[in-house]
K.L.:
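What follows is a structure written as structure tokens; I'll ask about it next.
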Amino acid sequence: MTADLFQGWGTQLFWGTMVTLKVAFLSLLAGLAIGLAVALAKLSSSRLLRVTGDVYTTCIRGTPELLIILLVYFGSTVALSAALRRIGGPDTHFEMPALGAGVLALSLVFGGYAAEIFRGAFLAIPAGQIEAARAFGMRPATLFIHIRLPLMWRYALPALGNIWISLIKNTSLISIVGLEELMRVSYVATSVTRSPFHFYVLAAVIYLTLTIANSLIIDMLETRANRGVRRV
């Protein structure tokens, strides 16, 4: 029964799903770091940092994810090849690995949206709690790590959960640069078996399973983050 369901492609679909999760988690980690850095830049007293952050988030949110992936993949290949030619000679060529390009592109996308979420979460922190921490004599670094970050995380988590789910689905776009993730494997399977509807439905079920599982995890994290919070 299982063999009929996957038509001999069960192993390939499993490893394609693992690659999808790998890309998603790596992009999540890098994207959170980028988003936090950009959010702090947008809240900075430095006009240069604020403008730089605004330009970054505007460009990222105004450009299709697929186009960003293509720009990163081909742009990094051109830039690195040009740099290596100066060292190794005119015949030196470098091609950006599909995994690296995919993770970098999705990290930039996630970071652009996460930056606005973090910025809004920082602004939502009650001023009284910050003033109370300062009254206790907390240093800026201590205040940021022990007061601002935990409170910001509580406000940001629901919206971060939404873009995390979108990130999982956006990994399917990396198939265009040849990475053997779930969507690419499904496409190859349809070409070999000539059963496009069958394998695309399987892919849809797998993506849906991943998003439902991660939605449940996000709900658990939200419940944990809001422990002790008085509901009005």
K.L.:
Restricting to non-hydrogen atoms, name the atom on Ile165 and the atom on Ser215 that form the minimum distance, rounded to 0.1 Å.
P.N.:
CD1-OG, 3.7 Å

K.L.:
Could you work out the complete set of other residues in the hydrophobic cluster of Phe197, with links drawn between I, L, V, M, F, W and Y side chains under 4.5 Å apart?
P.N.:
Val201, Val205

K.L.:
Could you tell me the separation between the CG atom of Leu179 and the CD1 atom of Ile174, rounded to the nearest 0.5 Å?
P.N.:
6.0 Å

K.L.:
Nearest 0.5 Å, what's the CD1-CG distance between Ile168 and Leu208?
P.N.:
11.5 Å

K.L.:
Within the 4.5 Å heavy-atom criterion, are His198 and Thr193 side-chain neighbours or not?
P.N.:
no

K.L.:
Can you list every salt bridge (charged side-chain N to carboxylate O under 4.0 Å, His left out) pair that touches residues 102-115, not counting sequence neighbours?
P.N.:
none

K.L.:
How about Phe110 and Ile34: do any of their side-chain heavy atoms sit closer than 4.5 Å?
P.N.:
no

K.L.:
I'd like to know if the side chain of Ser186 reaches the main chain of Tyr200, judged simply by a donor and an acceptor atom lying under 3.5 Å from each other, with no hydrogens or angles considered.
P.N.:
no

K.L.:
For Arg119, enumerate each residue passing the side chain to side chain donor-acceptor pair (under 3.5 Å) test, keeping only those at least two apart in sequence or located in another chain.
P.N.:
Glu116

K.L.:
Decide side chain to side chain contact (heavy atoms under 4.5 Å, CB included) for Leu40 and Phe122; before the verdict, give the C-alpha distance in whole Å, the side-chain angles of both, and the deciding distance to 0.1 Å.
P.N.:
CA-CA 9 Å; Leu40 293 176; Phe122 275 123; 4.0 Å; yes

K.L.:
Could you tell me if the side chain of Val19 sits less than 4.5 Å from the side chain of Glu180, heavy atoms only?
P.N.:
no

K.L.:
Tell me the side chain to side chain donor-acceptor pair (under 3.5 Å) pairs involving residues 136-146, sequence neighbours left out?
P.N.:
none

K.L.:
List the steps, then state whether side chain to side chain contact (heavy atoms under 4.5 Å, CB included) holds for Val38 with Phe118.
P.N.:
CA-CA 9 Å; Val38 175; Phe118 286 145; over 6 Å; no

K.L.:
Suppose we screen for side-chain contact (heavy atoms from CB on, under 4.5 Å). Which residues come up paired with Ser46, at least two apart in sequence or across chains?
P.N.:
Ser44, Leu48, Leu49

K.L.:
Strictly by ring pair (Phe, Tyr, Trp, His ring centres under 6.0 Å), give each pair with a member in residues 37-65 just once, sequence neighbours left out.
P.N.:
none

K.L.:
Quick one: which residue pairs count as a salt bridge (charged side-chain N to carboxylate O under 4.0 Å, His left out) with a foot in residues 16-30, not counting sequence neighbours?
P.N.:
none

K.L.:
Under the salt bridge (charged side-chain N to carboxylate O under 4.0 Å, His left out) definition, can you give me all pairs with a residue in residues 5-20, not counting sequence neighbours?
P.N.:
none

K.L.:
Checking Phe25 now: which residues fulfil ring pair (Phe, Tyr, Trp, His ring centres under 6.0 Å) with it, not counting sequence neighbours?
P.N.:
Trp164

K.L.:
Is the closest side-chain heavy-atom distance between Ile125 and Ile147 below 4.5 Å?
P.N.:
no

K.L.:
For residues 173-196, pull every pair meeting ring pair (Phe, Tyr, Trp, His ring centres under 6.0 Å), keeping only residues two or more places apart or in separate chains.
P.N.:
none

K.L.:
Enumerate the salt bridge (charged side-chain N to carboxylate O under 4.0 Å, His left out) contacts for residues 47-72, please, sequence neighbours excluded, ordered by first and then second residue.
P.N.:
Lys42-Asp54

K.L.:
Through direct or indirect side-chain contacts below 4.5 angstrom among Ile, Leu, Val, Met, Phe, Trp and Tyr, which residues connect to Val78?
P.N.:
none

